[in-house]
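One structure below.
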Amino acid sequence: MARIIVVTSGKGGVGKTTSTAAIGAGLAMSGKKTVVIDFDVGLRNLDMILGCERRVVFDFINVIHGEAKLHQALVKDKRLENLAVLPTSQTRDKDALTRDGVEKVLDQLRDEYDYIVCDSPAGIERGAHMAMYYADDAVVVSNPEVSSVRDSDRILGLLSSKTRRAERGEEPVKAQLLLARYDPARVEKGEMLKVDDVLEILAIPLLGVIPESQSVLKASNLGMPVVLDESSNAGKAYLDAVKRLMGEQIEHRVLAPERRSFFQRLLGRTA
Amino acid sequence: MNLLNLFRRSREGSAGAAKERLQILLAHERVDSEAPEYLPMLQKELIAVIEKYLDVDDEKVEVRLERGRELSTLEVNIELPGAEKLQGRARGRPTAGTLLQA
Ligand SMILES: Nc1ncnc2c1ncn2[C@@H]1O[C@H](COP(=O)(O)OP(=O)(O)OP(=O)(O)O)[C@@H](O)[C@H]1O
Ligand SMILES: [Mg+2]
């Protein structure tokens, strides 16, 4: 029986899709059968970040509408045998998702997979609501910046009231903070919120701190989840977070951001 | 090895790969977005035709697509019942191989 994890934030552009790809790939690398689902209808992107965009045939909405079977719409990752992607529709609008449709798809996936990771769209509208409704766990992605933290707080409110677990009075969705794009140098200078500040404000457990890192851009250029880049600090931080998601106790360490070396700058190399 | 190439490659870095991926994908998407989504229809009609002649299990149809720069490929694999399952069924039906490739 799979655990359903939603990756959500409220604010846009904070790193949800990057994190969904990294966490999904990390779980698959640990031998867990994992499927990642793109809930950002109309703005399909998870397939690009995972590098399978050219092999998408059918999508989530086709399955909900009965135009394709679930197994036909799942795209298997070429590098990680335990990873599959359910892409979203690029052409339809977010109203195409229905609660019943989503539930049917999740129920089918639940038996076959260990983890279902849902990439939420930004905002607090229908799409974000659909992505979180059936979740068991939530990864709340935030950047160390005021508007992002404020929006995370909104999302935490929704997680504790507008999910199936909340409506049924079951054990609440387990929400954990993933602080992304963290730059210790700027925190040191007092330009950015500290991990502890954000934790104090949001009062949820810390899943991980992902440093600001050039390797994230490189990974998305290549269509490769950043956890497959062994030299990446962000990748390492994601792997730690994945272990914590699976219940392991891993000490928190803030990995340094990657700076361009003098030689790289000399060559004008960016990635 | 040409030293110039070495430098050129390092300057392009991963951005070169990103550009190529985008060019291929967007070329396909721009065309696709003008026409209604044809793949579900294509699959339905294809199966309807094949069903006239053969037993097809909906769950045993696999469609694979690979969009490329020079060419794209569409592969439809339809698994058909094997000899054992066919035994005892009406005669006159074709006993094609277990896999039909279209
Ligand atoms: N740790 C990081 N270091 C550097 N850049 C990052 C990091 N995490 C994410 N980014 C960059 O931030 C941008 C937004 O990331 P991403 O698309 O994952 O966010 P999102 O929350 O899914 O956005 P949206 O709300 O639009 O769906 C991307 O350009 C990505 O490469
Ligand atoms: Mg996204």
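Letters A, B, ... mirror the listed sequences (proteins, then strands); counts begin at 1.
- Atom NZ of Lys104(A) has 12 or fewer heavy atoms from other residues, nucleotides or ligands within 6.0 Å.
- Atom CG of residue Leu22(B) and atom CG of residue Asn221(A) lie 8.5 Å apart, to the nearest 0.5 angstrom.
- Interface residue Glu66(B): backbone and side-chain heavy atoms are both found under 4.5 Å from chain A.
- Closest heavy-atom contact between Pro40(B) and Glu67(A): CB-CB, 3.7 Å.
- The line from OG of Ser220(A) to CZ of Arg21(B) is 8.0 Å long, rounded to the nearest 0.5 Å.
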Verdict with reasoning, Arg67(B) to Glu53(A), per side-chain contact (heavy atoms from CB on, under 4.5 Å): CA-CA 9 Å; Arg67(B) 299 176 180 86; Glu53(A) 73 280 355; over 6 Å; no
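- Residues Ile24(B) and Arg54(A) are in side-chain contact: their nearest non-hydrogen atoms beyond the backbone lie under 4.5 Å apart.
- With rounding to the nearest 0.5 angstrom, the NZ atom of Lys60(B) is 12.0 Å from the NZ atom of Lys69(A).
- The parts of Val56(A) that come within reach of chain B are both its backbone and its side chain, each placing non-hydrogen atoms under 4.5 angstrom from that chain.
- Within 6.0 Å of CD on Glu81(A) lie no more than 12 heavy atoms contributed by other residues, nucleotides or ligands.
- Under the 3.5 Å distance criterion, the side-chain polar atoms of Arg64(B) are left unmatched by any main-chain donor or acceptor of Arg55(A).
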